[in-house]
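Sequence lines set the chain letters: A, B, ... in the order given, protein chains first and strands last, and positions in each chain run from 1.
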Amino acid sequence: MNDIKKEEEKSLNFIEEIVEEDLRQGKYKTILTRFPPEPNGYLHIGHAKSICLNFGLALKYGGKTNLRFDDTNPVTEDVEYVESIKEDVRWLGFQWANEFYASDYFEQIYGFAVKLIQKGLAYVDDSSSEEIASQKGTPTEPGRRNKFAERTVEENLQLFSDMREGKYKDGEKVLRARVDMASPNMQLRDPVIYRIKHAHHHRTGDKWCIYPMYDFAHGQSDSIENITHSICTLEFVTHRPLYDWFIKELEIFPSRQYEFARLNMTFTVMSKRKLLQLVNEKFVSGWDDPRMPTISGLRRRGYTPESIRFFAEKIGVQKRDNLIDVSLLEFCIREHLNKIALRKMVVFEPLKIVITNYTGEEILKSENNPEDADTGHREVPFSNELYIEREDFMENPPKKFFRLAPGQKVRLKSAYIIQCDEMIKDGNGNVTELRCTYLPESKSGGDQSGMKVQGTLHWVSVKHAIHIEVRSYDRLFRVEDPANEEGDFKEYINPDSLQIISSAYAEPGLKNAKFDERYQFLRKGYFCLDKDSSEDKMVFNRTVTLRDTWAKEQKKG
RNA sequence: UGCCCGAUAGUAUAAUGGUAGUACGACAGAUUUUGGUUCUGUUUGUCUUGGUUCGAAUCCAGGUCGGGCAACCA
């Protein structure tokens, strides 16, 4: 049985199989991977999958991973993104061996282009992008070369040099690789490899006015760094023949590219372009809005790096399109938070109760975390005036309502059993207060009452409670796959994805809350302190609710 | 109509020619001073048609369906 289990745990994803095979055959003594983001947006949970894969492989097989910024398009890139990306990767728990930039290699890549020209394998084309597109043919008809393809090596060398010198305006000329205009693979029909952009680059400044295209920078950068396994997503499969062609013609280190399916998740979108729209058009407060699937959003929401790594492990790596149920992510964070979160009591919508046979006040003890005895107990003040959750009382309860109702008994968590004797109502018939009596011999820890009650409620003492703001989040979209719905994905935004309770009542101990601690508000969910907190108001984000079988039961009814 | 990739319960993911398993979800129950946690059980699956084989999710062929590719984006 145990052996079977071990066997199962050992099952490898297809990339691990490739790596193990390469290692077994002695193709490489050690592996080198890289995580290659373009600094034009914040990282999201889909990137986390890639980060865990690339860094995880190196960790597992004793190799290293570089962080390399694919910064070949200066008009969309920014240092703000570079910084956020580094912070996110670090926060996820990974250390890169080297921090590199494709722009570090611009001189070498320029040299590669010259070499291609010298071999007669690249030419300067004066056509407009429209002309180039129209000459490219279609998937069923071959493309054709234009007269510029006939330029001599010397002429091309001179022209390319002039491009670099800034003698031409944006779009006036491009450098193209001479591959195969009749290839059924469109990527091979003499792709553009250099274009003119008189733009300021976040690292190289104004040194360059020509920039290599992705296809002429990415693989070359891999090669320069001696990356053994260059792992990317499926949309680059058709680029691989070009990747290999450059390696062969340039006679450089043969990195190999392998592709896996990107992560999609229900009730969210997973493209930097769409996420940027949500930010720019103020549907969310920023890239780190806790409803965003960005790593910074998840971090602010209260997700832990452990939970995200666990998630990445559970979803695996494969080549088929997928749409992962967000409930799996929620399972992963609950799993971790249940183990580490400190328990606190917070009442969101208060209903006051007065215990008529109790006088004075006392300090009670309650577990910090029943899952971890080492965390010990905390002190919670108790008195004759308490708040309970309004939804924990019903005047006319349905069957199986294990909470408070006229004449019914419940336990107050870590305190006493109480019974509801009397309701006090306002002029409209709304219950404003409950009069209860407690059973003195039912005190938690030394219950002598012999009484069994079905329900246990959280509570706070009125005079000791502190006020906090609570922000509860729900899924950002109303539909499972907003990117694949008719029309604009933004039409499917969930208007109720943020609910704010500006004054919830919390046990006083919560005033010592720390940013790096996680809390479970009993029966409510997992929460963390938000950066919007100030001296006079603490703000808490709900990371995720607790599983709630009662709510489910009610929905059915 | 070209080329490429893929298809296993609702969603994911294993099984690498030899009993289709696991997780999440759902459902039912036990335990519980959180309707949480934990535990137990139930349910649902190899896209299709042929072929090879003693034996096929796996190998082969045809089909179907889904995705990608014709940016001076990555």
For RNA chain B, the residues among residues 40-52 of chain A that have a non-hydrogen atom under 4.0 Å from it:
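Nucleic-acid contacts, sorted: none.
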Using atom [atom1] of each nucleotide, how far apart are [N] and [M] to the nearest Å?
{"N": "B/A7", "M": "B/U58", "atom1": "C1'", "result": "14 Å"}
{"N": "B/C27", "M": "B/G66", "atom1": "P", "result": "32 Å"}
{"N": "B/U42", "M": "B/C47", "atom1": "P", "result": "25 Å"}
{"N": "B/C5", "M": "B/A9", "atom1": "P", "result": "22 Å"}
{"N": "B/U43", "M": "B/A28", "atom1": "C1'", "result": "11 Å"}
{"N": "B/U38", "M": "B/G50", "atom1": "P", "result": "47 Å"}
{"N": "B/A56", "M": "B/U46", "atom1": "P", "result": "16 Å"}
{"N": "B/G21", "M": "B/G29", "atom1": "P", "result": "26 Å"}

Does CD belonging to A/Glu486 count more than 12 external heavy atoms closer than 6.0 Å?
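No - once you tally the heavy atoms of other residues, nucleotides and ligands closer than 6.0 Å, there are 12 at most.
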Report the secondary structure of RNA chain B in dot-bracket form, marking unpaired bases with a dot and bases paired to a different strand with |, and treating Watson-Crick or G-U pairs with both distances under 3.5 Å as paired.
.((((((..((((....[..)))).(((((.......)))))....(((((..]....))))))))))).....
Is there a donor N/O on one and an acceptor N/O on the other, under 3.5 Å, for the side chain of [X] and the base of [N]?
{"X": "A/Glu371", "N": "B/U38", "value": "no"}
{"X": "A/Glu259", "N": "B/G68", "value": "no"}
{"X": "A/Arg411", "N": "B/U33", "value": "yes"}

Between [Y] and [X], do the side chains contain a donor N or O and an acceptor N or O under 3.5 Å apart?
{"X": "A/Asn484", "Y": "A/Asp481", "value": "yes"}
{"X": "A/Asp321", "Y": "A/Asn264", "value": "no"}
{"X": "A/Asp447", "Y": "A/Ser449", "value": "yes"}
{"X": "A/Thr375", "Y": "A/Arg343", "value": "no"}

Could you give the [atom1]-to-[atom2] distance, from [X] to [N], as a whole number of Å?
{"X": "A/Asp481", "N": "B/G10", "atom1": "CG", "atom2": "P", "answer": "18 Å"}
{"X": "A/Phe310", "N": "B/U13", "atom1": "CZ", "atom2": "P", "answer": "16 Å"}
{"X": "A/Tyr194", "N": "B/A71", "atom1": "OH", "atom2": "P", "answer": "21 Å"}
{"X": "A/Tyr214", "N": "B/A71", "atom1": "OH", "atom2": "C1'", "answer": "14 Å"}
{"X": "A/Leu328", "N": "B/A23", "atom1": "CG", "atom2": "P", "answer": "13 Å"}
{"X": "A/Asp548", "N": "B/G25", "atom1": "CG", "atom2": "P", "answer": "14 Å"}
{"X": "A/Asp170", "N": "B/A71", "atom1": "CG", "atom2": "C1'", "answer": "15 Å"}
{"X": "A/Asn13", "N": "B/A23", "atom1": "CG", "atom2": "C1'", "answer": "17 Å"}

Under 3.5 Å, side chain of [X] to main-chain N/O of [Y], donor-acceptor pair present?
{"X": "A/Glu389", "Y": "A/Lys524", "answer": "no"}
{"X": "A/Arg518", "Y": "A/Tyr526", "answer": "no"}
{"X": "A/Thr33", "Y": "A/Asn54", "answer": "yes"}
{"X": "A/Arg262", "Y": "A/Ser50", "answer": "no"}

Go through A/Phe160 and A/Tyr194 one step at a time and tell me if the ring pair (Phe, Tyr, Trp, His ring centres under 6.0 Å) criterion holds.
CA-CA 9 Å; A/Phe160 188 48; A/Tyr194 259 94; 5.2 Å; yes
Give the nucleotide from the list [options] with an atom nearest to the side chain of [X].
{"X": "A/Thr456", "options": "B/G2, B/G36, B/U33", "result": "B/U33"}
{"X": "A/Thr549", "options": "B/G25, B/A70, B/G35", "result": "B/G35"}
{"X": "A/Thr138", "options": "B/G25, B/A74, B/A70", "result": "B/A70"}
{"X": "A/Leu546", "options": "B/C72, B/C73, B/U34", "result": "B/U34"}
{"X": "A/Pro370", "options": "B/G36, B/A12, B/C72", "result": "B/G36"}
{"X": "A/Arg195", "options": "B/G35, B/C73, B/U34", "result": "B/C73"}

Quick one: which residue pairs count as a ring-ring contact (aromatic ring centres under 6.0 Å, His included) with a foot in residues 306-347 of chain A, not counting sequence neighbours?
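Every candidate ring-ring contact (aromatic ring centres under 6.0 Å, His included) pair involving residues 306-347 of chain A fails, so no pair, neighbours aside, qualifies.
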Is the positively charged end of A/Lys173 above the ring of A/Tyr168, judged by distance under 6.0 angstrom from the centroid and angle within 45° of the axis?
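The answer is yes; both the distance and angle limits are met.
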Considering heavy-atom distances to RNA chain B, does A/Leu457 or A/Gly316 have its closest nucleotide positioned more toward the 5' end?
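Here A/Gly316 is the residue nearer the 5' end.
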Taking for each residue the nucleotide of RNA chain B bearing the nearest heavy atom, is the 5' side occupied by A/Asn73 or by A/Lys443?
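The 5'-side residue here is A/Lys443.
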List every contact pair, protein side and nucleotides 26-30 of chain B side both N or O, where the distance is under 3.5 Å.
from, atom 1, to, atom 2, distance (Å)
B/A26, OP1, A/Lys552, NZ, 2.9
B/A26, OP2, A/Lys552, NZ, 3.3

Under 4.0 Å, counting only non-hydrogen atoms across every strand here, what does [X] touch: a base, just sugar-phosphate, or nothing?
{"X": "A/Ser414", "result": "base"}
{"X": "A/Ile417", "result": "nothing"}
{"X": "A/Lys400", "result": "base"}

Side-chain donor/acceptor pairs under 3.5 Å, residues 36-48 of chain A, sequence neighbours excluded:
from, atom 1, to, atom 2, distance (Å)
A/Glu38, OE1, A/Asn40, ND2, 2.8
A/Glu38, OE2, A/Thr76, OG1, 3.3
A/Asn40, OD1, A/Lys272, NZ, 2.7
A/Tyr42, OH, A/Glu80, OE2, 2.8
A/His44, ND1, A/Gly46, N, 2.9
A/His44, ND1, A/His47, N, 3.4
A/His47, ND1, A/His44, N, 2.9

Does a side-chain N-to-carboxylate-O contact under 4.0 Å join A/Glu225 and A/Arg34?
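No salt bridge links A/Glu225 with A/Arg34.
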Ring pair (Phe, Tyr, Trp, His ring centres under 6.0 Å) for A/Tyr438 and A/Phe382? Distances and angles first, verdict last.
CA-CA 12 Å; A/Tyr438 84 117; A/Phe382 182 85; 7.1 Å; no
Side-chain N or O of A/Thr266 versus OP1/OP2 of B/U11: is the shortest distance under 4.0 Å?
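Negative; the distance criterion is not met.
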Using a cut-off of 4.0 Å between protein heavy atoms and nucleotide atoms, how would you tag nucleotides 3-8 of chain B 5' to 3' with B, S and -?
SSSSSB
With rounding to the nearest 0.5 Å, note down the distance linking CD1 in A/Ile132 to CZ in A/Arg176.
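The distance works out to 4.5 Å.
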